[in-house]
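Only one structure is covered here, and it is reproduced in the block below.
For reference, positions follow the sequence shown, starting with 1.
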Amino acid sequence: MAIDLERPGLDGLNEAVEALRDWQSEGVAWQLHPGDLGWFWRSGAEATAAAVRFWRRDGRIVAVGLLDGADLLRLTTAPDVRRDEELARRVAEDVIAPERGVLPPGAVAVEAPMDALLQDVLPEHGWRTDEPWTPLFRDLTEPVKASDLRIETIGPDRAHVWADMTRAAFDGSTFTPEKWHTMAAGAPYADGRCLVGYDDQDNAVAAVAVWSAGPGKPGILEPMGVHRNHRGHGYGRAITIAAAAALQEMGSSSAGVNTPSSNVAAIATYESGGFRQLPAVRDLTRDA
């Protein structure tokens, strides 16, 4: 059966989100999560639709990709077609050829599950593996202890607090309350929550967004940061524990996060919050 590459448009975004929710399960390789679309949604529904691609066979979505910037495609597939040769070769053809409207010419990268056949097909065309990333995982079947911070769950009237914290935690961030409202209006935020942590002087010191994929499915943290003026006091660990507790409350089976393997401080922070490392993953890249 023919496989078609599609741009979803606004009407198709919810279909892509639902497919990603359905594909999340325990024990599979790190993959694109509906929360990744949820965080991207801060740029607006139109921008998110423009960044999404999906592949459909016989009316069914079998792969979803997110252009996270102009030169990186983050992609996953339905679990039962992860090793499907027809799909892997069709996706590879679309990724390689700029005229297909997926990736531009020059240096680009693809993130795909490490067990996807695409990991074998793209190197046949000269692609190579890039720097490693480390996924981290926390099982949520056991109770999560309370965080050392006072935790606030952000609602619409407190969007400015989360926006201020995000700008204070990430150099170059332009996050605004308006972007929070835009993000919260997106379909993935039905399973999302934004948290801010306060120290004993009532200073906002850390923030995190968590994204569930529904009860019994893995959730993720995206993003997590500590105020640049309050680092070195264990607040990263505390907000990470709060994130795990929030996902547990939302019914998630586990909490996950992915960070560059070179960021040893971030890895240590997540491990101190009860996360454990999984095998490293690598993007596939094409040099200019």
Residues in side chain to side chain donor-acceptor pair (under 3.5 Å) contact with R231, at least two apart in sequence or another chain: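 Side chain to side chain donor-acceptor pair (under 3.5 Å) list for R231, sorted by chain: empty.
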Non-neighbouring partners of R7 that pass side chain to side chain donor-acceptor pair (under 3.5 Å), sequence neighbours left out: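 If we apply the side chain to side chain donor-acceptor pair (under 3.5 Å) test to R7, skipping adjacent residues, there are no hits.
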Whether the [X] and [Y] side chains hold a donor-acceptor pair (N or O, under 3.5 Å, no angle test) is what I'd like checked.
X    : Y    : result
K179 : T174 : yes
S173 : T166 : no
S261 : E131 : no
T77  : R82  : yes

Minimum side-chain heavy-atom gap [X]-[Y] below 4.5 Å:
X    : Y    : value
D283 : T129 : no
V110 : L122 : yes
S212 : S252 : yes
T285 : V108 : no
V28  : P113 : no
T153 : C194 : no
P188 : W39  : no
I61  : E18  : no

Expected output: side-chain [X] to main-chain [Y] donor-acceptor under 3.5 Å:
X    : Y    : value
W41  : T48  : no
R167 : G172 : no
T182 : E178 : yes
K217 : Q24  : yes
R138 : G273 : yes
T269 : G236 : no

Taking [X] first and then [Y], would you say they form a salt bridge - that is, a charged N and a carboxylate O separated by under 4.0 Å?
X    : Y    : answer
R276 : D139 : no
R193 : E249 : yes
D120 : R83  : yes
E15  : R56  : yes
D94  : R53  : no

E142, CD atom: more than 12 neighbouring heavy atoms under 6.0 Å: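 Count not over threshold, so no.
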Face-on cation placement of R150 at Y198 ring, 6.0 Å and 45° thresholds: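 Yes, a cation-pi geometry.
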Distance under 6.0 Å and angle within 45° of ring axis: R57 vs W55: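 That pair does not qualify as a cation-pi contact.
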Fellow cluster residues of L195, listed by chain then number, with links counted only when side-chain atoms sit under 4.5 Å apart: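 For the cluster that includes L195, the remaining residues are L136, L140, V144, L149, I151, V205, V208, V210, L221, M224, V226, Y235, I239, I241, L247, M250, V257, I267, Y270, F275.
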Test salt bridge (charged side-chain N to carboxylate O under 4.0 Å, His left out) applied to R60 and D80, step by step: CA-CA 12 Å; R60 175 196 178 203; D80 61 308; 2.7 Å; yes
is_close_aromatic(F137, W30), centroid dist under 6.0 Å: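 No, the ring centres sit 6.0 Å or more apart.
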Spatial distance of atom NE2 (H125) from atom CG (L284) [nearest 0.5 Å]: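 Separation between the atoms: 11.5 Å.
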Test log, rule salt bridge (charged side-chain N to carboxylate O under 4.0 Å, His left out), inputs D68 and R74: CA-CA 7 Å; D68 198 353; R74 305 178 63 190; 3.3 Å; yes
Verdict with supporting geometry, E85 and R89, salt bridge (charged side-chain N to carboxylate O under 4.0 Å, His left out): CA-CA 6 Å; E85 185 169 0; R89 296 201 176 277; 2.9 Å; yes
